[in-house]
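For reference, the structure discussed in these notes is given below.
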There are 2 protein chains.
Amino acid sequence: MRQNARKDIGLAREPIEESDAFVTEICWHYYVNEMTQAEIARLLDVTRLRVNQAIQRAKTLGFVKIQIESPFLPRIELQEELKSCLGLKRAVISPSNEADYDYHKSVGAALAALLTERLATGDWKSLGVSWGLTLDSAIRKLPRQSHPDLEVVSILGGTAKGSTLNSFGIASGFANVLGARYSVLTAPIYLSEGIDREVFLSQYALKEHFEKFASLDAVLLTCSNVSEKSFLVEHGLPQGLSPEALIDAGAIGDVLGKFLDRDGRSVSAQVDNRTVGMSLEDVIEVPEKIMAAAGPHKVEILKAACQRGLVDTLVTDDTTARLLLKSVAKQSTATG
Amino acid sequence: MRQNARKDIGLAREPIEESDAFVTEICWHYYVNEMTQAEIARLLDVTRLRVNQAIQRAKTLGFVKIQIESPFLPRIELQEELKSCLGLKRAVISPSNEADYDYHKSVGAALAALLTERLATGDWKSLGVSWGLTLDSAIRKLPRQSHPDLEVVSILGGTAKGSTLNSFGIASGFANVLGARYSVLTAPIYLSEGIDREVFLSQYALKEHFEKFASLDAVLLTCSNVSEKSFLVEHGLPQGLSPEALIDAGAIGDVLGKFLDRDGRSVSAQVDNRTVGMSLEDVIEVPEKIMAAAGPHKVEILKAACQRGLVDTLVTDDTTARLLLKSVAKQSTATG
DNA sequence: AAGCAAACTTTACAAATGTATTTTCTGTAT
DNA sequence: ATACAGAAAATACATTTGTAAAGTTTGCTT
């Protein structure tokens with residue numbers, strides 16, 4: 001067929017038969033004997049170009065199969081998939097212990113490892129932190145370090161209850177173990193009704209703190225869903241705001257006390273306006289946005305947060321990662 | 001221990017941990033994503049040198065396995081000749097790199113390819129393995145497989161030195177990569193003088209193991225000559241047995257620790273009686289006897305082993321194959 | 001036999017890789 | 001604190017590889 005077609009337009013010379021045996025032998029010399037392409041060309045008395053082409057042909061035809069053999073491979077594959085699915089710059093996936101599943105331990109350790117690495121190389125001056133169990137867990141896993149030029153900045157107000165994993169405890173905890181300074185947000189996460197936001201935030205101490213948000217080199221974010229598993233929902237919601245009302249409004253979880261819907265849109269400007277902390281718009285401007293969260297109940301809010309552009313590095317565990325991928329796949333088949 | 005030793009000579013910095021996960025990730029990017037080393041270095045924020053070293057380390061460690069579809073197509077004529085000359089059922093000849101000749105690499109890869117093919121079609125339940133550099137090389141080239149019904153049986157005792165390429169390491173290495181069970185021969189290759197063979201071998205664990213020899217579907221054999229190139233001669237000969245004495249007795253090499261003369265006859269029943277492993281008589285009974293060996297120094301012992309009927313499949317390289325043919329031709333003109 | 005076009009070889013060069021050398025960094029010991 | 005030694009980074013360079021031009025060969029057509 002192809003031959004005839006060529007002849008019709010005036011074929012000159014048959015292409016030399018690049019036999020499988022020829023290609024095979026070249027590949028053998030190249031990959032097994034580790035000869036250079038020039039050496040092989042000399043040995044078989046052909047041009048180097050032909051050797052080069054044979055090897056490339058073998059690769060595309062699948063004659064040579066390169067396998068990577070390692071217990072770590074599955075996780076790397078997962079990371080790559082997550083990155084492309086969610087549009088991340090980096091994904092860190094910790095192996096979770098499925099038998100004795102703990103949402104925070106594994107992710108905390110992974111975050112600690114990542115932080116240590118980034119702090120060593122990244123030359124950060126200012127690190128924003130929210131709070132929650134995951135960050136508390138990371139602090140426990142962090143080795144003691146010395147970063148005298150680093151300032152840990154709390155980017156979210158606190159709640160009355162819960163001392164160590166509260167705003168104050170997390171920021172100071174990080175600063176302590178990292179050998180850094182810190183600045184906390186001495187305010188509740190939600191303003192009481194009737195308090196004028198502008199007036200409250202204009203207080204001198206708060207104003208100075210808020211100005212630091214603009215120059216953060218990185219932020220550590222967490223998220224949660226709307227259920228009794230959420231610390232915020234259990235202990236921190238302002239009076240008059242019920243979980244049911246949030247769910248009715250489309251909320252699937254929160255980032256920095258701001259509730260988002262399935263597509264990452266803010267559910268209630270009104271509620272958002274009562275939170276004391278960094279705005280999501282400001283978060284998006286931070287060069288490195290590290291989100292650490294795990295657990296099946298956080299899949300939806302993680303997806304939403306990524307969609308909103310709040311995440312460029314995701315730290316999670318393999319269980320959550322797999323659920324995330326499944327969820328994204330389902331969504332795209334439903335939509336597209 | 002090692003740390004102290006280092007400290008004594010004034011250690012400065014711990015070498016950074018080139019973790020397997022790190023190496024794996026680099027190989028993933030390099031081979032799967034086809035990124036350049038420089039790109040990977042930038043991505044992971046390390047020097048290009050480290051990436052380069054990681055890839056080379058992965059290659060030598062066998063983390064990456066490169067498979068070629070049909071490596072022995074081009075050597076058909078040579079193979080046919082060998083088969084008829086040596087009375088073989090099958091001959092597999094790999095092309096070797098004569099400029100930078102490595103006895104084991106090429107043959108190991110060919111053996112790996114052959115094994116993969118035979119395991120897929122042959123329905124083996126039990127595979128006997130000896131040990132040596134050639135088999136070690138084959139393990140590195142074997143892709144990971146799953147043969148849960150296969151048992152790898154070590155057919156030869158070990159030496160004190162040389163961990164991975166020893167009896168235990170080879171059998172478990174094959175089993176690991178093939179996804180099979182294994183049974184090792186926990187005994188030295190040569191009994192010490194004065195130990196009663198019958199008494200020693202009657203030990204429960206050994207007896208049970210020896211009984212497996214009768215039902216092997218295949219064996220992987222190697223051989224060596226009597227010189228400093230032989231691992232056995234260098235490291236494994238029993239006390240009081242010198243290479244010179246063996247040569248004087250007509251020995252030209254060994255198979256399974258049993259030394260043979262030019263015609264494949266056992267040189268010393270006394271020495272044979274001290275070896276712990278499968279007897280040559282039992283080997284002959286195995287349905288598939290695969291001998292893998294290469295190098296000019298192994299030509300004579302290969303010929304002898306074939307003559308003795310220990311080989312029905314020979315895996316070697318083209319250099320050795322040609323020498324074998326020449327040697328056989330010379331002998332037959334001299335004799336006939 | 002001249003023309004022609006496909007397919008190869010030659011040539012050239014840019015990019016990537018491998019390796020050696022120098023420099024910088026860091027923990028330990030003096 | 002200072003000197004020191006070992007390790008990694010930085011640098012430099014030779015080799016190898018990939019690719020895109022040229023130029024040449026070959027077999028067919030006219």
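Quantities reported herein were computed from a predicted structural model and do not represent experimental measurements. All chains are named by letter (A, B, ...) in the order of the sequence lines, taking the proteins before the strands, and each is independently numbered beginning at 1.
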Integer-rounded Å distance: dT19(D) P and Arg57(A) CZ | 16 Å

Distance, rounded to the nearest Å, where Leu49(B) contributes CG and dA10(D) contributes P = 11 Å

N or O in side chain of Thr47(B) less than 4.0 angstrom from dA8(D) OP1/OP2 = no

Below 4.0 angstrom from OP1 or OP2 of dT19(D), is there any side-chain N or O of Gln56(A)?
-> yes

When you measure from the side chain of Ser130(A) to the backbone N and O of Leu220(A), does any donor-acceptor pair fall under 3.5 Å?
-> yes

Distance in angstrom units between Arg42(B) CZ and dA10(D) C1', rounded = 16 Å

Taken to the nearest 0.5 Å, the spacing of Ile93(A) CD1 from Lys83(A) NZ works out to 10.5 Å

Verify, without hydrogens or angle tests, whether Thr320(B) (side chain) and Gly295(B) (backbone) share a donor-acceptor contact under 3.5 angstrom.
-> yes

So with a 6.0 Å cut-off around NZ of Lys125(A), is the heavy-atom count from everything else above 12?
-> yes

Separation of dG18(C) atom C1' from Arg50(B) atom CZ, nearest Å, is 17 Å

N/O to N/O distances under 3.5 Å, protein versus nucleotides 12-17 of chain C:
unit_1, atom_1, unit_2, atom_2, d
dT17(C), OP1, Tyr30(B), OH, 3.2
dT17(C), OP2, Gln37(B), N, 2.8

Going from CG on Leu142(B) to CZ on Phe174(B), what distance comes out if it is rounded to the nearest 0.5 angstrom?
-> 6.0 Å

Determine whether Asn33(A) and Trp28(A) make a side-chain contact, defined as any pair of heavy atoms from C-beta on separated by less than 4.5 Å.
-> yes

